[in-house]
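Encoded as structure tokens, the structure appears first; notes follow it.
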Amino acid sequence: MKTSNFNFRSTVFNWAHHLVRTTGKTFAVCLSKAWAVYRLRKRMKTETVKILFEKADGALRIAYATLKDVGAFIKGTGTPNFKTVPYYDTEANGFRSFKIENLISIF
């Protein structure tokens, strides 16, 4: 029986390699940001988290993000995107996402 070697560490390192390719920063900096994204996604499953990220148009955005108890709000059958972080915005009452390279801070 073949077992899968895919785990959370491989996901974090895939994010880090993606960040190196897109931002051109050193691997250490990108690995640090990838771990921050992992911790953010893990925290959002249990609580609402205040985050700061850069929008596509360059503006900064503060959002209150969660993934806790949002199963009832899912309507579509969208495919998960490896390069983005989906979240439920509690202020706008809807799903949003941002690119992992645009994350600035987690409060």
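These figures come from a predicted structure and were not determined experimentally.
Of the inter-residue distances, the one linking T23 atom OG1 with K33 atom NZ reads 7.5 Å to the nearest 0.5 angstrom. Once rounded to the nearest 0.5 Å, the distance linking CG of N14 with NZ of K83 reads 11.5 Å. Here the CG atom belonging to L60 is positioned 10.0 Å from the NZ atom belonging to K55, to the nearest 0.5 angstrom. Rounded to the nearest 0.5 angstrom, R9 CZ and Y38 OH are separated by 8.5 Å. Between the OH atom in Y64 and the NZ atom in K50 there is a gap of 4.0 Å [rounded to 0.5 Å]. The CZ atom of F53 lies 10.5 Å from the CG atom of L40; values are rounded to the nearest 0.5 Å.
Counting only distance, with no hydrogens or angles, the side chain of W15 and the backbone of S10 share no donor-acceptor pair below 3.5 Å. No side-chain donor-acceptor contact under 3.5 Å links T84 to the backbone of P86.
For the pair T90 and N93, the tightest heavy-atom approach, listed with the atom from each and the gap, is O-OD1, 3.2 Å. In plain terms, the two heavy atoms of A16 and F27 that are nearest each other are CB-CE1, 3.8 Å.
In this structure, T26 and L31 have side chains that are not in contact, with every pair of non-hydrogen atoms separated by 4.5 Å or more.
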Enumerate, atom names and distances included, each donor-acceptor pair closer than 3.5 Å involving a side-chain atom of residues 95-107, sequence neighbours excluded.
| from | atom 1 | to | atom 2 | distance (Å) |
| --- | --- | --- | --- | --- |
| E101 | OE1 | H18 | NE2 | 3.3 |
| N102 | ND2 | E54 | O | 3.3 |

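With respect to the salt-bridge test (charged N to carboxylate O, under 4.0 angstrom), the residues D89 and R61 qualify.
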Determine, step by step, whether R41 and V85 satisfy the side chain to side chain contact (heavy atoms under 4.5 Å, CB included) criterion, reporting the C-alpha distance in whole Å, the side-chain angles of both residues, the deciding distance to 0.1 Å, and the verdict. CA-CA 8 Å; R41 290 175 68 116; V85 176; 4.1 Å; yes
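Ring geometry, H17 versus F13: the interplanar angle falls from 30° to 60°, so the pair is classed tilted.
A side chain to side chain contact (heavy atoms under 4.5 Å, CB included) with R43 is found for exactly one of V49, I51, T48, namely V49.
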